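Heads up: the structure comes next, in structure tokens.
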Amino acid sequence: MNAYIITGTSSGIGSSLARNLLSGREGVISISRNENTSLNRLAETNNSFFRHFTFDLSQTDKLPELMDSIFKSLQDVNPERISLINNAGTIEPIGPSGKMDATRIEIHHKTNLIAPAVLINEFIRFTRPLKISKSILNISSGAAHNPYAGWSNYCASKAGLDMLTKSIAIEQSSEEFPVRIISLAPGIVETPMQEKIRATSAGQFPMRNKFIDLYNNHRLSNPDEVAGKIIPLIFSDHPASGTFSDLRNL
Ligand SMILES: NC(=O)c1ccc[n+]([C@@H]2O[C@H](COP(=O)([O-])OP(=O)(O)OC[C@H]3O[C@@H](n4cnc5c(N)ncnc54)[C@H](OP(=O)(O)O)[C@@H]3O)[C@@H](O)[C@H]2O)c1
């Protein structure tokens with residue numbers, strides 16, 4: 001059995017990733033504020049290893065304690081390979097700078113950037129003695145490389161995540177059992193995040209009509225199909241460690 005620690009499993013891409021892995025009898029440790037009870041049921045049916053941790057990732061000072069509990073829960077499992085998937089993310093607050101609430105900006109960066117940075121640090125610390133394959137997948141966005149008015153924090157947090165990927169891959173390249181780390185943009189996927197984007201005003205997000213048109217023309221990807229394409233990449237040599245890729249180009 002392989003073990004996958006996945007953030008943001010209550011909906012969208014994270015839920016699909018967890019469901020796909022549990023269906024294949026892989027071990028899943030899930031983290032989100034809301035519990036996805038369907039995952040519990042699936043794990044029971046399939047007799048797969050599953051633990052859920054109800055946790056708000058913006059509480060970044062408590063993340064080392066969370067990872068300590070997670071690795072304790074894995075003590076008797078001895079996974080063959082282990083992965084951390086930083087999938088949880090928020091696009092909010094959406095709007096032009098000068099009109100956003102300061103606290104919401106802080107929560108955004110804690111959730112999208114600081115939490116992944118701390119989780120990666122703890123993952124590398126806890127897995128250092130393990131002579132097995134180790135992999136980190138950071139779910140990024142095309143917005144990390146293309147500026148959008150109204151998404152300044154989202155573009156910046158995802159760009160920061162990609163730079164973590166690049167820098168940490170260099171550090172790991174000299175390790176005997178290195179942690180592979182990649183960033184992946186999933187494309188435009190029909191999830192609650194896209195619903196939030198479509199519900200904004202043009203004043204908050206001038207490009208909203210493009211996303212409404214894509215939805216009306218059935219151009220959004222299905223999260224289950226996206227999860228099915230992502231999973232084989234986690235322990236593969238391609239794309240190379242330290243790189244950003246768009247799933248649509250792989
Ligand atoms: N959908 C797209 O078109 C698209 C495109 C590019 C990139 N992405 C990226 O894909 C990832 C998944 O997004 P999605 O589209 O699947 O969106 P989603 O359905 O809104 O899912 C977001 C997940 O993140 C979790 N989350 C958010 N804030 C959290 C917090 N403070 N603490 C713990 N968990 C938190 C949510 O769980 P709780 O609310 O239960 O905590 C939820 O499970 C994100 O990183 C997003 O930026 C999505």
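In this text the structure is predicted, and so the values were computed from the model without any measurement. For ligands, and for the atoms within them, numbers begin at 1 and follow the listed sequence.
For residues 159-184, no pair satisfies ring-ring contact (aromatic ring centres under 6.0 Å, His included), with sequence neighbours left out. Evaluation of the side-chain hydrogen bond (donor to acceptor under 3.5 Å, both in side chains) test over residues 204-217, restricted to residues two or more places apart or in two chains, returns S201-Q204.
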Only distances under 3.5 Å count here; give the side-chain donor-acceptor pairs of residues 75-83 to other protein atoms, sequence neighbours excluded, each with its distance to 0.1 Å.
from: E80; atom 1: OE2; to: M1; atom 2: N; distance (Å): 2.9
from: R81; atom 1: NE; to: N2; atom 2: OD1; distance (Å): 3.3
from: S83; atom 1: OG; to: S135; atom 2: O; distance (Å): 3.2

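Of the charged side-chain nitrogens involved, at least one lies within less than 4.0 Å of a carboxylate oxygen, so that D68 and K72 count as a salt-bridged pair. Remark: K134 does not engage E175 in a salt bridge, criterion side-chain N to carboxylate O under 4.0 Å.
Closer than 4.0 angstrom to ligand 1 sit non-hydrogen atoms from G8, T9, S10, S11, G12, I13, S32, R33, N34, F55, D56, L57, S58, N87, A88, G89, T111, I139, S140, S141, Y154, K158, P186, G187, I188, V189, T191, P192, M193, Q194.
Side-chain contact check for D56 and S58: at least one donor-acceptor pair (N or O, by modelled atom type) lies under 3.5 Å.
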